[in-house]
Amino acid sequence: MAFNLNSLVKENILKLAPYSSARDEFSGDAKVFLDANENSFGSPLNRNYNRYPDPHQKQLKKKLATIKNVEANQIFLGNGSDECIDLLYRCFCKSGVDNVIICPPTYGMYEVSANINEVDLKRVDLDENFQLRLAEIENAIDANTKLIWICSPNNPSGNLLNEADIKTLLSKFSGIVVVDEAYIDFTNSVSFNQYLSQYPNLVVMQTFSKAWGLAGLRLGMAFASMEIIAIMDKVKPPYNINQVTQELALQALENENQMLEMQSEIVTLRQSLAETLLQLPMVDTVYPSDANFLLVKVKDPAGLYQFLIDKGLVVRDRHKVILCDGCLRITIGTLSENEELINLMHEASI
Ligand SMILES: *Cc1c(COP(=O)(O)O)cnc(C)c1O
């Protein structure tokens, strides 16, 4: 395959002169800042947020670079992964002309974002083991296919996709392969980050919303070649990551050990919850999971879903999703939350 980044990028983006912020035009130290129309007096809070945040999130990226073993200029930070997803469409997909491929059942935002950006979507369903059907994907690719969305571990099935399959796509496809690794911290497998230098068409996405326990901050990461990151930087809103998020994320990264403890506890509880669920007569299948949730096939998904809601416990009903007949998606909770779920399921069966 011949990968030519400039031929993939939308023409208007290639030509775009990005907004130059006050902090772009002067980023050194000064005694007095009267350049950004901020309020020099402060904020009506215990702490001041009257200054615009670093548009390039330099400190945060520097720390992340060491943790993720990439260069700082291979990192893009978004207001949640959702912003990264949207930006990839806006950088690479011409409305009404280009198309992307998704592999259902998978994360809903790839499709919603395609619709918002008026980009055609081709669906190549996963096989019955929730793995990629490579030949069908290759058949679906045409001259206007810009992105292929791969979610691994996949949501809602929970499994990792075969690494060799993703590599095959990366080497055969001349567009961009996005590997969404939102759940990578719950696996034993290593990130596709390690292949960034090998594949110029690889974009890896991760998030602070799952293992890091920071869904409320809205912070998503994309890793790619510095050339791809530079294009995303050009298109993003200048101050897309706010001051509070930058500060708290940096603090969290200093406490990586706490994240690792939660992560290993969640993985342990995943195993025990799966075993307990399997003993319930109403449970047909608990699919193997590399994530912080279980896809569970039950006898009466809609009935159980409603019963649980009536008792104040909410899971995700996926029984109408392709290949997920009869399935609920259940997030791994704390030990007592998981026990409550099991107790209620016992109650539901009598
Ligand atoms: C939860 C999740 C994300 C995270 O999205 P954020 O916008 O970063 O919270 C991304 N991708 C998948 C597949 C997810 O399940």
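In this text the structure is predicted, and so the values were computed from the model without any measurement. Every number for a ligand or one of its atoms is a count from 1 in the order of the listing. Keep in mind that the numbers below use all heavy atoms, side chains included, and drop hydrogens, waters and symmetry copies.
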Looking only at heavy atoms, what is the nearest atom pair of Val178 and Trp149, with distance?
-> CG1-CZ3, 3.5 Å
Would you mind listing which atoms of ligand 1 come within a distance below 4.0 Å of any non-hydrogen atom of Ala182?
-> 2 (C), 3 (C), 10 (C), 11 (N), 12 (C), 14 (C)
Determine whether any heavy atom of Cys151 lies closer than 4.0 Å to an atom of ligand 1.
-> yes
Please examine the side chains of Arg47 and Gln243, heavy atoms only from C-beta on, and report whether any two atoms are closer than 4.5 Å.
-> no
Which residue and non-hydrogen atom of the protein lie closest to atom 9 (O) of ligand 1, and at what distance in Å?
-> Ser209 OG, 2.6 Å
Closest to atom 8 (O) of ligand 1 (heavy atoms only, candidates Thr207, Ile85, Thr106) is Thr207
Any idea which part of Ser81 is under 4.0 Å from ligand 1, heavy-atom wise: side chain, backbone, both or neither?
-> both
Got the closest protein heavy atom to atom 7 (O) of ligand 1, with its distance?
-> Arg218 NH2, 2.6 Å
Please work out whether any backbone atom (N, CA, C, O) or any side-chain heavy atom from C-beta onward of Asn155 is under 4.0 Å from ligand 1, and answer side chain, backbone, both or neither.
-> side chain
Taking atom 12 (C) of ligand 1 as the reference point, the nearest protein heavy atom with its distance | Asp180 OD2, 3.4 Å
With sequence neighbours excluded, residues passing salt bridge (charged side-chain N to carboxylate O under 4.0 Å, His left out) with Asp180 | none
So is Tyr183 in contact with ligand 1, going by heavy-atom distances below 4.0 Å?
-> yes
Indicate, as side chain, backbone, both or neither, the part of Lys210 found under 4.0 angstrom from ligand 1 when only non-hydrogen atoms are considered.
-> side chain
Side-chain donor-acceptor contact under 3.5 Å, Ser189 with Glu163 | no
With atoms numbered from 1 as shown, which atoms in ligand 1 lie under 4.0 angstrom from a non-hydrogen atom of Gly80?
-> 7 (O), 8 (O)
Would you say ligand 1 has an N or O under 3.5 Å from any N or O of Tyr110?
-> no
Distance flag, aromatic centroids of Tyr199 and Phe192, threshold under 6.0 Å | no
Aromatic ring centroids of Phe293 and Tyr183 under 6.0 Å?
-> yes
Quick one: side chains of residues 212-219, donor-acceptor pairs under 3.5 Å with protein atoms, not counting sequence neighbours, listed by atom name and distance.
| unit_1 | atom_1 | unit_2 | atom_2 | d |
| --- | --- | --- | --- | --- |
| Arg218 | NH1 | Ser209 | OG | 3.4 |
| Arg218 | NH1 | Ala215 | O | 3.3 |
| Arg218 | NH2 | Asp82 | OD2 | 3.4 |

Any side-chain heavy-atom pair from Lys68 and Asn193 closer than 4.5 angstrom?
-> yes
